[in-house]
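Notes follow once the structure below has been shown.
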Amino acid sequence: MMNILGLKQDDLRYSAKAYLDPKLTHTFADAAAKVLMATKSIYRIGQALFYIDMNTGKLTKLNLADAELLLSRKLITLDSRGRVIKIKSKDVSTFLNQSNHDDFEEIDSVVLHPLINKMGFIDTKPGFDIERKIYFIYKEDSYYRYKKDIFTKEDAIKADEYLNDMLSEVPIATKSDLSAIKCAIITAVLRMALDKSPAIGVVGNTPGIGKSYLCQCLIWIFCKKKAKATNVPKDAEERSRFLAAKLRNKDDGVIYFDDLKGLMENNSTFNTCITNDEYEARVIGRSSTFAVKTKALYVWNGNNVVLTKDQKRRCLLINLYEEEDIVLVKGFRFDLLGYIKKHIEKVQMSALIVAGAYAQANFPLVKDENIIGFDDWNAYCRKPLLWLGNAEPIPHIVKSKKEEFYENNAEQIFCETIVEIFEGEEIRASDVIDYIDNNRDSEQAKKIMAFFNKKRAKLVPAVVGRCMAALLKMDFKGISISPRDKDHSKLYVFERE
């Protein structure tokens, strides 16, 4: 049975009597709506009714059994003669399924900690915030000792150093990955105040390094509980319905995919949910559709996950790395999740201080180029870290012009490198591999290896041969490629025009 807090039962019954006077005319829907609204725990998402568990903050769709039980205890229904009669399940079902529940306050989410406003000040109170459409459930006393009216840059530096100390044992690959974890923490704390945010992806090719563990740490910071890991359906239509159902049922506001292996590729449903306010999905077994709001914390992890270019700009990536001479349990040398549970208020407030100080300083200019379209997230989660001197948390998205040129013109650079080595010669794929084996330290060999690394392709004759065949169909500036057949072998000539 749901845990609904509100008026005392006697008060509700008295209220029911007051507006269900036999001399007046009331529909069952009107009476049911007034009683349920009086609980102060039932709100609508779209036109569906949800109740809030005041202990956990969980939003759950109000089903027929719970609605009938609640109304039977707190609503007196009378017949035309003023006699008390039993509530009919049919009436309750009709009320729940009616198309209009506009009398109920609309809610977007439940948040279990304070939030900052657009100017960086903490202005939230426990209870329902009509403007934000958020119900806040937290004990003010737990956060009071960390709260200040004004956050300075010095406060932000101390908060950033605290997060650094907390994360000092995490096996990261680069400083950018440390910055990405801190960015993910701020994202988890501020998610329900942001219009959109990228998904958080934790990658690493070593089994047991702690990818799932780090995801659960971030999810706990978001909603103070662990999330159930789910497998992503391979079929596109099933994947669409799966995501829509998860979003429709709320599920604590978390979409968590565990142990992905290449399943992110060509996942248009996932892309749409991250970058759009609503997602329209088809009802199972029908031709009709329904729309769901997509605001949620998207978290995933996996080994050897291949992202398309569109997905890369929708993901905040964290790369975990295990040093060969260190033996780790689940990748962590101490219980990070246990520490977060014990000090959750300080961890959340540190994130709020970093973001709030930057906003209160009027968003100072920081180096910013080629940024993705998550404006709020960029302003409150990424830029504050750059302002404090942290490394770029999304280096896979924000690139220097040289790096961007290289990625967009990788084939051109590959052909120029081949011309430098073999201009005018008839070469096989094996000739390219032999050159690399004999000249591994040369600049040309490094460029060729970098090209195949970026393509995630192996340097073997069959793969190199297919690559050369594909280059024949492309146009290159100042370079021509022509095929030759000799002794039943495929040869190629690279020349300058």
Side-chain angles (χ1 to χ4, degrees), residues 2-8 11-12 15 19 29-62 67 70 74 95-96 98-144 147 149 188-197 222-224 247-253 277-278 291-297 348-349 352 355-356 359-360 375-377 379-380:
M2 54 191 162
N3 174 30
I4 295 182
L5 305 182
L7 300 177
K8 296 179 181 178
D11 295 332
L12 286 169
S15 298
Y19 61 71
D30 290 338
K34 288 179 181 179
V35 170
L36 293 180
M37 283 189 288
T39 66
K40 305 295 184 183
S41 299
I42 296 179
Y43 296 84
R44 68 179 176 88
I45 299 175
Q47 290 299 332
L49 296 183
F50 284 71
Y51 67 83
I52 304 171
D53 187 317
M54 293 298 177
N55 290 331
T56 64
K58 183 176 177 61
L59 272 171
T60 305
K61 191 173 182 180
L62 187 63
L70 178 64
K74 300 189 176 184
F95 165 72
L96 289 178
Q98 69 185 25
S99 60
N100 189 334
H101 287 295
D102 289 342
D103 290 339
F104 289 82
E105 293 283 2
E106 186 174 16
I107 190 172
D108 279 343
S109 57
V110 176
V111 175
L112 306 180
H113 54 264
L115 286 178
I116 57 173
N117 60 19
K118 294 292 184 182
M119 298 307 298
F121 298 94
I122 294 178
D123 65 344
T124 57
K125 296 282 185 182
F128 184 61
D129 188 317
I130 297 177
E131 184 178 348
R132 288 185 173 98
K133 296 182 180 180
I134 293 174
Y135 201 107
F136 290 94
I137 301 176
Y138 62 87
K139 295 179 180 179
E140 286 189 279
D141 293 345
S142 300
Y143 294 89
Y144 185 79
K147 183 179 176 182
D149 292 332
V189 173
L190 293 181
R191 178 62 192 100
M192 290 308 173
L194 304 172
D195 291 335
K196 300 179 184 68
S197 76
F222 172 71
C223 63
K224 296 183 181 179
L247 291 167
R248 194 179 197 182
N249 295 331
K250 284 302 178 181
D251 288 337
D252 302 318
D277 296 328
E278 289 189 347
V292 292
K293 293 189 176 181
T294 58
K295 182 177 284 189
L297 183 72
Q348 291 170 334
M349 283 301 302
L352 289 173
Q360 289 183 27
D375 295 338
D376 280 355
W377 177 83
Y380 293 95

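Here the structure is a predicted model, which is why all the values come from computation and not from measurement. Values reported hereafter were calculated over all heavy atoms of this structure, with side chains retained and with hydrogens, waters and symmetry mates removed.
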So [Y] and [X], do their side chains get closer than 4.5 Å, heavy atoms only?
| X | Y | answer |
| --- | --- | --- |
| Y380 | I116 | yes |
| D376 | K196 | no |
| V111 | D129 | no |
| P114 | Y138 | yes |

Could you tell me the separation between the [atom1] atom of [X] and the [atom2] atom of [Y], rounded to the nearest 0.5 Å?
| X | Y | atom1 | atom2 | result |
| --- | --- | --- | --- | --- |
| D123 | D149 | CG | CG | 11.5 Å |
| I137 | M54 | CD1 | CE | 5.0 Å |
| D375 | D195 | CG | CG | 8.5 Å |

Where the side chain of [X] meets the backbone of [Y], is there a donor-acceptor pair that is under 3.5 Å apart?
| X | Y | result |
| --- | --- | --- |
| H113 | Q348 | no |
| K295 | D108 | no |
| R44 | I107 | no |
| S197 | R191 | no |

Heavy-atom pair with the smallest gap, counting every atom of [X] and [Y]:
| X | Y | result |
| --- | --- | --- |
| A188 | L297 | CA-CD1, 4.1 Å |
| L96 | A67 | CD1-CB, 3.8 Å |
| A48 | K61 | CB-CE, 4.0 Å |

### Task
Can you spot which of L36, L70, T60 makes a side-chain contact (heavy atoms from CB on, under 4.5 Å) with Y51?
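Only one of L36, L70, T60 forms a side-chain contact (heavy atoms from CB on, under 4.5 Å) with Y51, namely T60.
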### Query
R132 and N117: side-chain contact (heavy atoms from CB on, under 4.5 Å), yes or no, with the steps?
CA-CA 10 Å; R132 288 185 173 98; N117 60 19; 3.6 Å; yes
### Query
Is the number of heavy atoms from other residues, nucleotides or ligands under 6.0 Å of D102 CG greater than 12?
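Correct, the count exceeds 12.
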### Task
Using a cut-off of 6.0 Å, state whether more than 12 heavy atoms not belonging to K118 lie near its atom NZ.
yes
### Query
After noting the C-alpha distance and the side-chain angles of L115 and I122, does the key distance pass the side-chain contact (heavy atoms from CB on, under 4.5 Å) rule?
CA-CA 6 Å; L115 286 178; I122 294 178; over 6 Å; no
### Query
When you look at K125 and E140, which way does the salt bridge (Lys or Arg N to Asp or Glu O under 4.0 Å) test go after all the steps?
CA-CA 8 Å; K125 296 282 185 182; E140 286 189 279; 3.3 Å; yes
### Task
Compute whether any side-chain donor of one residue and acceptor of the other, for S109 and Y135, lie under 3.5 angstrom apart.
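Per modelled atom types, S109 and Y135 side chains form no pair under 3.5 Å.
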### Task
Take L49 and F104 through the test side-chain contact (heavy atoms from CB on, under 4.5 Å) and record every step on the way to the result.
CA-CA 8 Å; L49 296 183; F104 289 82; 3.8 Å; yes
### Query
Once the angle between the rings of H101 and F95 is folded into 0 to 90°, is it parallel (under 30°), tilted (30 to 60°) or perpendicular (over 60°)?
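Geometry flag for F95 against H101: perpendicular rings.
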#### Entry: Steps toward side-chain contact (heavy atoms from CB on, under 4.5 Å) verdict (V110, I134)
CA-CA 6 Å; V110 176; I134 293 174; over 6 Å; no
### Message
Once ring pair (Phe, Tyr, Trp, His ring centres under 6.0 Å) is applied, do any residues pair with F128, and if so which ones, sequence neighbours excluded?
### Response
Y43
### Pair K133 + E106, salt bridge at N-O below 4.0 Å
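Answer for the salt bridge query: yes.
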